[in-house]
Amino acid sequence: MVKLIHTLADHGDDVNCCAFSFSLLATCSLDKTIRLYSLHDFTELPHSPLKFHTYAVHCCCFSPSGHILASCSTDGTTALWNTENGQMLAVMEQPSGSPVRVCQFSPDSRCLTSGAADGTVVLWNAQSYKLYRCGSVKDGSLVACAFSPNGSFFVTGSSCGDLTVWDDKMRCLHSEKAHDLGITCCDFSSQPVSDGEQGLQFFRLASCGQDCQVKIWIVSFTHILGFELKYKSTLSGHCAPVLACAFSHDGQMLVSGSVDKSVIVYDTNTENILHTLTQHTRYVTTCAFAPNTLLLATGSMDKTVNIWQFDLETLCQARSTEDQLKQFTEDWSEEDVSTWLCAQDLKDLVGIFKMNNIDGKELLNLTKESLADDLKIESLGLRSKVLRKIEELRTKVKSLSSGIPDEFVCPITRELMKDPVIASDGYSYEKEAIENWISKKKRTSPMTNLVLPSAVLTPNRTLKMAINRWLETHQK
């Protein structure tokens, strides 16, 4: 299901961070450099490495469009680079001059955060390169940062173990001790867990730390109802401090890297371990999934970055708490349906479904009428959520039965894409379908229902090549 396809060994010291855009991979290191590689063949770009920082580079990240790269360093600066030519666009100095440990763009590219060793966090205007707001945590260094998918707030993690939540005006909304021995990384899933009433959305947040744990949190926030962070679960598997975690772009997988030299890939829905990768010879310091392609990058103190590719044919198969669930939902037993309900945070409905003998075939045939009249589910919001989850199953069954990998299917038309393009929400669509959608739907994302930051569509040549290769293999 996953194989090592390439190893990059150009850095002269520990690799601290790696990040993907739609066409590039960026890596940074204790050797003071940032390197850029093409995803087409993993060759280093002519203007790489990027050199400016006078001390170790701790973090690098792309703007959502991929046109700008940010890097931050022990030298107390955050630098912005043009990814097309390697030209430096700006240098932003942390007001305190403290070593900068982490930087992150907001989803709309308007802001950039930088967190420092003295606990200060700065929100920069990414267009003017000027300081917008500044704050600080009470104790510890800031070592982790992640924006919510809708950009209305962001979370920072400290070496003292606190998760702190800030709104887009840099007001502290919440602070909570998450890991006893210190946080090392955090990341939001781009996919909402569910849509609530009054516009409330719930997001999945992962954090990891020196306590050897990966924790999952459910986060909700609206300006009317306020902010709420709830602990959900702890993922086991590592036997040493966990230094990095990251969600896949579709939210279906979570990866973590550890001092135990291993990389673990989890199924987000069932929280089962899918793979344990052990090719690094020293601590795994960073991991990142590529958007819209099934690639994973892991970096290590062994000075290398490994590139992993996931098998398209088996990626979509669901998993139960013990073994793989049957490939097609029509074959599910009543117990399989119960397992699925629990994985979708619908465990309160297990008794109702069992009482009505709902197996896989019955599940796929449920309608809003049968949910209300036969199963007596009174809540309209709950019925809507169940129907939404069932529709996701139906589309997955359709793609599995046709043999077409779901990554090749347009989310709008549910047909094999011929001319895939990347929208500003980060998802790929059939060009004609998303153009029609934008013209009729007031520029909202078909996947997230959030406003698209831009109407610009970028050809996804990598995905198109993968689709053509699959067609050559499967439709001779």
Side-chain angles (χ1 to χ4, degrees), residues 18-22 61-66 104-113 144-155 165 168 185-196 199-208 214 216-221 229 232 244-256 265-269 271 287-297 310 315-316 344-345 388-389 392 395-396 406-407 409-412 420-429 434 437 443-454 457-458 460 463:
C18 56
F20 282 100
S21 71
F22 296 111
C61 62
F62 286 98
S63 64
S65 69
Q104 194 68 238
F105 279 98
S106 63
D108 61 7
S109 298
R110 294 180 182 176
C111 298
L112 175 77
T113 59
C145 180
F147 271 92
S148 65
N150 61 8
S152 61
F153 62 92
F154 65 95
V155 174
V165 186
D168 52 9
C185 189
C186 61
D187 190 37
F188 273 101
S189 170
S190 63
Q191 299 303 299
V193 176
S194 64
D195 293 319
L200 185 65
Q201 286 188 312
F202 299 86
F203 297 104
R204 189 179 276 113
L205 172 73
S207 64
C208 58
V214 179
I216 305 297
W217 312 80
I218 302 299
V219 183
S220 62
F221 171 69
L229 183 147
K232 181 179 183 290
C245 61
F247 282 100
S248 60
H249 196 67
D250 62 2
Q252 296 302 304
M253 292 185 291
L254 175 70
V255 64
S256 59
V265 183
Y266 301 90
D267 182 308
T268 306
N269 293 318
E271 300 184 352
C287 47
F289 281 100
N292 288 292
T293 56
L294 299 176
L295 295 178
L296 167 69
F310 288 84
L315 187 65
C316 296
Q344 309 304 316
D345 293 325
R388 208 162 45 241
K389 296 296 182 181
E392 290 174 8
T395 56
K396 183 176 288 188
D406 200 48
E407 288 73 20
V409 176
C410 173
I412 300 173
V421 294
I422 303 164
S424 57
D425 62 356
Y427 291 92
S428 285
Y429 306 93
I434 188 63
W437 178 280
R443 277 178 50 176
T444 57
S445 165
M447 295 296 285
T448 67
N449 290 324
L450 302 176
V451 176
L452 291 169
S454 167
L457 302 175
T458 306
N460 192 338
L463 181 58

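Counting begins at 1 with the first residue of the sequence.
Every residue meeting the side chain to side chain contact (heavy atoms under 4.5 Å, CB included) condition with S189, not counting sequence neighbours, appears here in chain and number order: Q191, R204, F247. For E271, the side-chain hydrogen bond (donor to acceptor under 3.5 Å, both in side chains) partners two or more places apart in sequence, or in a different chain, are K232, S233. Shown here are the side chain to side chain contact (heavy atoms under 4.5 Å, CB included) partners of F22, two or more places apart in sequence or in another chain: P291, N292, I422. Residues meeting the side-chain hydrogen bond (donor to acceptor under 3.5 Å, both in side chains) test with N460, sequence neighbours left out: S428. Every residue meeting the salt bridge (charged side-chain N to carboxylate O under 4.0 Å, His left out) condition with R110, not counting sequence neighbours, appears here in chain and number order: D108. C145 is linked by a side chain to side chain contact (heavy atoms under 4.5 Å, CB included) to V102, Q104, T113, F154, T156, counting only residues two or more places apart in sequence or in another chain.
No side-chain donor-acceptor contact under 3.5 Å links S207 to the backbone of C186. Under a 3.5 Å cut-off, the side chain of S148 and the backbone N or O of F153 do form a donor-acceptor pair.
With rounding to the nearest 0.5 angstrom, the CD1 atom of I434 is 7.0 Å from the OG atom of S445. Between atom CG of residue L229 and atom CZ of residue F203 there is a gap of 13.0 Å, rounded to the nearest 0.5 Å. We find the CE-CG distance between M253 and D267 to be 9.0 Å, quoted to the nearest 0.5 Å.
Of all heavy-atom pairs spanning S454 and S424, the tightest one is O-OG, 2.7 Å. Of all non-hydrogen atoms in L463 and P420, the two that sit nearest each other are CD2-CB, 3.8 Å. Here the closest heavy-atom approach between residue S106 and residue P64 is recorded as O-CG, 3.6 Å. In plain terms, the two heavy atoms of S21 and G66 that are nearest each other are CB-CA, 3.9 Å. Across all their heavy atoms, V219 and L205 have their closest contact at CG2-CB, 3.9 Å. The two atoms that bring C208 and C245 nearest to each other are SG-SG, 3.7 Å, heavy atoms only.
The closest side-chain heavy-atom distance from D250 to F289 is not below 4.5 Å. Two residues are said to be in side-chain contact when any heavy atoms from C-beta on lie closer than 4.5 Å; W217 and V155 fail this criterion.
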_CA sep, side-chain torsions, deciding dist, call: L254, I216, side chain to side chain contact (heavy atoms under 4.5 Å, CB included)_ = CA-CA 10 Å; L254 175 70; I216 305 297; 3.8 Å; yes

